[in-house]
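The block underneath contains the structure these notes are about, expressed in structure tokens.
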Amino acid sequence: MALSELMSTVPLGMALIDPELRFLEVSEAMAAMNGVPRDAHLGRPMAEVLKGTPSGADVIRRVRRVLETGVALEGVEIIHREHGGGTERVRVYRASYHPVRRDGEVVAACIYVEDMTERRRVEAQRDAGAARERAVREQALRETQEAVRARDEFLSVAAHELRTPLTSLRLHLQLLQRQLGISQPALSEQLAPRTQVLERQLSRLGGLVNTLLDVSRLAAGKLSLEPREMDLAQLVRQMADAFAEEFKKAGSELTLHVDGPLQGTWDPLRVEQVLVNLLSNAAKYGAGRPVEVSLVGEGHTAVLAVKDHGIGISEDGMSRLFGKFERAVSERHYGGLGLGLYITRQIVEAMGGSITVRSAQGQGSTFILRLPTQPQPQAQPAMAAR
Ligand code: ADP
């Protein structure tokens, strides 16, 4: 292919300039950019051809520099503003200037010009789109944060408000039982099953309110620990006894592997709360199958495992279930707020311990709790030790 043929077809602005600053060759595309026919370039001085173009003088200056120094100039941006019809049309070009050598001597300069207008317009559109998307995302994040804050505030107010009538209800029920027992013992005996139901439901309500209180305290970083010397083995045995009835009702046999004692410094009420959560989950999600609880000391760590053979947890469920309000089962089948394991993890981590789960769908679950026997104050980000 002859050079002139190439020049008339190549979609790139190209020109070859001799040392006297005359056009030796020019591509059709470059001619179009200059607004001068290709033939009108050949053999003519740049100054004459580019007289009417907006950046002609700059181009000539750069070509001269390349011819004199032999050093290429890469990626020079040229912006043309064309006015017409009351609007401004901006075109963006990117030019490179290279020396052409023969036997080491610069004998010509080559100009390459790319029209970047369309690419810049697409980039600008993309940037504007990305900025819009970012703004929408940020707005959604702000709204979510506000919704979460409003929820936490509502929880806190609701939990505190619910506590007062609940305490009063409990007190009045106790009073009623006492008075009835004195004045009408036969009737009191007769009503005992009903008052027991009332007591049970009240204590369930109390448990739910406490859970909500814990969540709002955690959100405010105000859940506190009261560590003291205690025997974990004894507490585990006591809790197993307390849960005997519940496991019986669930049709699960509870086996305990605990060699006592296992001394350490923990908050007994908070450890109890953790045990209540793990045991009631085992009874709920492992109903009808055996449950095993084991406790061993490994150096300065107490390791407690609660193993059931129930419904198990999917992989997706396992990654979420220690989160706030996260559940891996449908509400229709199992009631619950999805807060127990969240609170459990916060308590355990505040004590410098950890809780992990091993499970597979349909194959039971094992929750493993590791608690250091001595307090780890540095590991209490969410709670303040009192
Ligand atoms: P809740 O039981 O109130 O839903 P939790 O925070 O205690 O809340 O548990 C979160 C979720 O973890 C449960 O909804 C359930 O999907 C799953 N889960 C907890 N314990 C078990 C278990 N022993 N077996 C199977 N799934 C469990």
Side-chain angles (χ1 to χ4, degrees), residues 148 151-152 155 158-159 162 200-201 203-219 223 236 239-240 242-244 246-257 269-295 303-350 353-370 382-383:
V148 167
R151 181 196 67 188
D152 286 345
L155 278 183
L162 284 169
R200 259 205 314 280
Q201 294 303 334
S203 89
R204 250 190 90 191
L205 253 180
L208 288 170
V209 170
N210 281 339
T211 300
L212 295 185
L213 269 176
D214 279 350
V215 171
S216 57
R217 283 183 191 132
L218 277 170
L223 201 70
V236 172
M239 294 308 295
F243 267 81
E246 191 163 334
F247 278 107
K248 207 168 131 197
K249 259 200 235 149
S252 294
E253 192 187 336
L254 178 66
T255 315
L256 214 54
H257 306 282
L269 285 179
R270 291 296 181 194
V271 178
E272 182 178 320
Q273 192 178 350
V274 167
L275 291 173
V276 166
N277 183 245
L278 295 182
L279 292 173
S280 45
N281 278 351
K284 182 155 88 173
Y285 302 110
R289 309 261 172 80
V291 171
E292 291 126 52
V293 175
S294 65
L295 176 70
V303 183
L304 175 101
V306 179
K307 178 175 186 172
D308 67 56
H309 297 81
I311 62 169
I313 305 159
S314 67
E315 217 164 289
D316 162 62
M318 275 198 285
S319 62
R320 294 186 287 112
L321 49 80
F322 292 103
K324 209 192 273 189
F325 295 108
E326 290 288 1
R327 311 196 67 216
V329 286
S330 95
E331 264 141 59
R332 263 188 308 139
H333 295 111
Y334 296 94
L337 294 175
L339 290 172
L341 285 180
Y342 164 69
I343 295 172
T344 292
R345 183 189 208 163
Q346 302 293 319
I347 292 174
V348 168
E349 289 184 353
S354 67
I355 178 158
T356 50
V357 58
R358 276 207 301 260
S359 183
Q361 190 101 58
Q363 294 180 23
S365 315
T366 307
F367 284 85
I368 299 160
L369 194 69
R370 301 178 149 268
M383 300 187 189

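Atoms within a ligand are numbered from 1 in the order they appear, just like the ligands themselves. All values below were derived from every heavy atom in this structure, side-chain atoms included, with hydrogens, water molecules and symmetry-related copies excluded.
Every heavy atom of Gly317 sits 4.0 Å or more from the atoms of ligand 1. Ligand 1 is never approached by Gly310 to a heavy-atom distance shorter than 4.0 Å. Under the 4.0 angstrom criterion for non-hydrogen atoms, Phe322 is not in contact with ligand 1.
Within a 6.0 Å sphere centred on CD of Glu326, heavy atoms belonging to other residues, nucleotides or ligands number more than 12.
If you look at Phe367 next to ligand 1, the close heavy atoms, those under 4.0 Å, all belong to the side chain. By the criterion of a heavy-atom distance under 4.0 Å, both the backbone and the side chain of Ala328 are placed next to ligand 1.
Nearest to atom 3 (O) of ligand 1 by heavy-atom distance, out of Ser359, Ser314, Gly338, is Gly338.
Residue Gly340 has at least one N or O atom closer than 3.5 Å to an N or O atom of ligand 1.
Scanning all protein heavy atoms for the shortest distance to atom 19 (C) of ligand 1 gives Asn281 ND2, 3.5 Å. Here the heavy atom of the protein found nearest to atom 26 (N) of ligand 1 is Ile313 CG1, 3.3 Å. Nearest to atom 17 (C) of ligand 1 among the protein's heavy atoms is Leu321 CD2, 4.0 Å. Looking at atom 23 (N) of ligand 1, its nearest protein heavy atom turns out to be Asp308 OD2, 2.8 Å. With respect to atom 5 (P) of ligand 1, the closest heavy atom belonging to the protein is Leu341 N, 3.6 Å. The protein heavy atom nearest to atom 21 (C) of ligand 1 is Tyr285 CD1, 3.3 Å. Looking at atom 4 (O) of ligand 1, its nearest protein heavy atom turns out to be Arg327 NE, 2.5 Å.
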**Message:** Walk me through whether Asp152 and Arg217 qualify under salt bridge (Lys or Arg N to Asp or Glu O under 4.0 Å).
**Reply:** CA-CA 9 Å; Asp152 286 345; Arg217 283 183 191 132; over 6 Å; no
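Residue Gly336 has at least one heavy-atom neighbour below 4.0 Å for each of these atoms of ligand 1: 3 (O). Every atom of ligand 1 with a heavy atom of Leu339 under 4.0 Å away is listed here by number and element: 6 (O), 8 (O). Applying the 4.0 Å criterion to heavy atoms of Glu326 picks out, from ligand 1, the atoms 10 (C), 11 (C). Remark: ligand 1 atoms within the under-4.0 Å shell around heavy atoms of Leu337 are 3 (O).
Between the side chains of Gln273 and Asp214, at least one donor N or O lies within less than 3.5 Å of an accepting N or O.
When side chains are defined from C-beta on, Thr255 does not count as touching Val291, because their heavy atoms never get closer than 4.5 Å. At least one side-chain heavy atom of Phe243 sits less than 4.5 Å from a side-chain heavy atom of Val276. By the 4.5 Å heavy-atom criterion applied to side chains, Phe367 and Lys307 are not counted as neighbours. No side-chain heavy atom of Ile368 sits less than 4.5 Å from a side-chain heavy atom of Val357. Inter-residue side-chain proximity for Leu337 and Leu212 is flagged as met; some heavy-atom pair is nearer than 4.5 Å.
Of all heavy-atom pairs spanning Ser252 and Arg289, the tightest one is OG-O, 2.8 Å.
If you take CG on Leu278 and CG on Leu369, they are separated by 6.5 Å, rounding to the nearest 0.5 Å.
Taking the six-membered ring wherever Trp is involved, the centroid distance between the rings of Phe322 and Tyr342 does not fall below 6.0 Å.
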